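First up is the structure itself, then whatever we jot down about it.
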Amino acid sequence: MDFSFFLSAFLRLLPGVPLTLQLAFVSVGLGMVLALILALLRLSRIRPFEWIARVYIFLFRSTPLLVQIFLIYYGLSQFQTVRYSVLWPILRQPYWCAIIALALNTAAYGSEIIRGGLRSVPEGQIEAARACGMSRITVFRRIVLPLAIRQALPAYGNEIILMVKATALASVITMMEITGLAAKLISESYRAVEVFVVAGSIYLIINYVITRVIHLLEYWLTPHLRSVSTPVVIEREDAA
Amino acid sequence: MNDFGLMTVFSFAPGGWGAAMAAASAMTIAVAMAGFIAGAIIGTFGAWAKISGGRIVRSVADGYTTVLRGIPDLLVIYLFYFGSSAVLTPIGRFFGANGFLSLPAFFAGCLAIAIVSGAYHTEVFRGAYQVVALGEIDAAYATGMSRALAFRRIIAPLTLRFALPGLANIWQLVLKESSLISVTGLVEILRQSQIGAGSTKQPFTFFLAAAILYLLISSASGWVLQFAERHFTRGLRRG
């Protein structure tokens, strides 16, 4: 075991962490907004809207993410209109292409999670809110959405971890995040196993931290599910 | 070249890419299938370890599933593709071969998919086993079946039945994951599309064709799996 190599590999890969986190969080954030819109379309009971969402979700869930990344990064440049459009400065950069692809992809999965959350809100709660005189929008904002978020949180946490893993694909379009740096280091040092161990541990640590944070959020959002805390023992001055 | 379109990619006429794309699709299906089956074998042992292993065996299995579900699949593919040469080259040198040896891309890819999907298989099989009613297993022993016979006739079929929806999910995952093997140069759908895109300067058309092929394969196999699920659960009462 050559510890100095592990250490130097760790130091070489560490600069990739910010980019990995950035890719993951920006795309999850954008994807979440799109996911909510898709979920609302899907539940809108308006046929054309429903179908748009359905088709979108079907297309993005049944093709590989790498194909989507390639379609956006390499594919769009095929069209002159894209190359001369105002969006070209963005679509030319691998960074934004990766984020767009990741966001579009996670939106498809996320919308199903959010839809499950929205549908899990008991009808009675909505009725009660309506009976109190809340408008539809207020009901959604104050009752439905918070309950749905709470319900969907564990599944969404999983999706975030999947996204952290998915950012590795950005290395294929030249992004030097953790996996990109790892591949480079492997081809320089021919020590695939050691580099793999180091890069893998970094991902595991990131994902572990995210899991803990999601758990904390869940704990914080579900005070009603906590077992009644053991009553505070008041010191009594028993004469016995 | 102006009228180059999807039709040309799928065309079998001279100048068309149909034959190449068809061969690439067969490669995708082959590598995904081989990886899936090998993963199922790993998953069977993983589930066994988790259900009836001792403390050490269990924690090894737990470690395996936790680690493999927490690191990117691409990293695992790199490990097997590049890592195999680190192991094989010295062995090759020992036997007198000089130069660089590594696993063929197909085997490295299968192995990577198997190791990754094995973690998912483990969880699916474990979950399915827990749904099998204890009474049925007890009944099998009570009628005098040996452990092996009970496993073959009772436990395995029942577990598989309950595992089917989960297995269908894993298959879809594996199918999409197989596209990552293109980084090792194995000519499957995505790699073939890259080749086509490079030589015709029509990247969008080729990657769109790749997306369509994946869509077709996943839809067709989804259909078959749904049919299988309906067939094998016909004995179950629906709630």
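Computed from a predicted structure; not experimentally measured. So that the names make sense, note that chain A is the first sequence line, chain B the second, and so on, each numbered from 1. The basis for the numbers below is simple: all heavy atoms, side chains too, and nothing from hydrogens, waters or symmetry mates.
Contact annotation for L76(A): both backbone and side-chain heavy atoms come within less than 4.5 Å of a heavy atom of chain B. S182(B) touches chain A through its side chain: at least one heavy atom from C-beta onward sits under 4.5 Å away, while N, CA, C and O do not. Of the two parts of L215(B), the backbone and the side chain both hold a non-hydrogen atom closer than 4.5 Å to a non-hydrogen atom of chain A. Neither the backbone nor the side chain of E177(B) comes within contact range of chain A; no heavy atom of the residue lies under 4.5 Å from a heavy atom of that chain. Contact of F79(A) with chain B is made through the side chain alone, with heavy-atom distances under 4.5 Å. L169(A) touches chain B through backbone and side chain together, each having a heavy atom under 4.5 Å away. Proximity to chain A (any heavy atom under 4.5 Å) is restricted, for L68(B), to the backbone atoms N, CA, C and O.
Within a 6.0 Å sphere centred on CZ of R119(A), other residues, nucleotides and ligands contribute 12 heavy atoms or fewer. Remark: F45(B) CZ is loosely packed, at most 12 non-hydrogen atoms of other residues, nucleotides or ligands lying under 6.0 Å away. Residue F10(B) qualifies as enclosed at atom CZ: its count of foreign heavy atoms under 6.0 Å is above 12. For Y219(A), the OH atom is loosely surrounded, since the number of other residues' heavy atoms within 6.0 Å does not exceed 12. No more than 12 heavy atoms of other residues, nucleotides or ligands lie within 6.0 Å of CH2 in W51(A), so this atom counts as exposed by the packing criterion. Under a cut-off of 6.0 angstrom, the local environment of CE in M176(A) is crowded, with over 12 non-hydrogen atoms contributed by other residues, nucleotides or ligands. By the neighbour-count criterion of 12 heavy atoms within 6.0 Å, atom CZ of F49(A) is sparsely surrounded, having that number or fewer from other residues, nucleotides or ligands. Under a cut-off of 6.0 angstrom, the local environment of CG in L225(A) is crowded, with over 12 non-hydrogen atoms contributed by other residues, nucleotides or ligands.
For residues 29-37 of chain A, a heavy-atom distance under 4.5 Å to chain B picks out no residue at all. Taking non-hydrogen atoms and a 4.5 Å limit, the residue list of residues 193-207 of chain A in contact with chain B, ordered by number, reads V193(A), F196(A), A199(A), G200(A), Y203(A), L204(A), N207(A).
For the residue pair Y78(B) and A183(A), the shortest heavy atom distance occurs at CE1-CB, 3.8 Å. Of all non-hydrogen atoms in P72(B) and A168(A), the two that sit nearest each other are CB-CB, 3.4 Å. In plain terms, the two heavy atoms of R69(B) and K165(A) that are nearest each other are O-NZ, 3.2 Å.
Considering OG1 of T167(A) and CG of L74(B), their distance stands at 10.0 Å, rounded to 0.5 Å. In this structure, OG in S62(A) is found 12.5 Å from OH in Y214(B), a value given to the nearest 0.5 Å. Atom CD1 of I71(B) is separated from atom CD1 of I178(A) by 12.0 Å, given to the nearest 0.5 angstrom. The CD1 atom of I217(B) sits 12.0 Å away from the OG1 atom of T63(A) when rounded to the nearest 0.5 Å. Expressed to the nearest 0.5 Å, how far CD of Q68(A) lies from NZ of K176(B) amounts to 8.5 Å.
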Query - Candidate pair S193(B) and F70(A), rule side-chain contact (heavy atoms from CB on, under 4.5 Å), full reasoning - result: CA-CA 10 Å; S193(B) 311; F70(A) 281 180; over 6 Å; no

Report task. Give the C-alpha distance, both sets of side-chain angles, the deciding distance and a yes or no for side-chain contact (heavy atoms from CB on, under 4.5 Å) between L79(B) and I186(A). Result -> CA-CA 9 Å; L79(B) 172 74; I186(A) 289 175; over 6 Å; no

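Using modelled atom types and a 3.5 Å distance limit, the side chains of Q78(A) and T205(B) yield a donor-acceptor pair.
For chain B, the option among L59(A), L71(A), T211(A), L65(A) with the highest count of heavy-atom pairs below 4.5 Å is L71(A). When S178(B), A197(B), G83(B), S179(B) are compared by the number of non-hydrogen pairs under 4.5 Å with chain A, S179(B) comes out ahead.
Looking at heavy atoms from C-beta onward, F207(B) lies in side-chain contact with Y74(A) at the 4.5 angstrom threshold.
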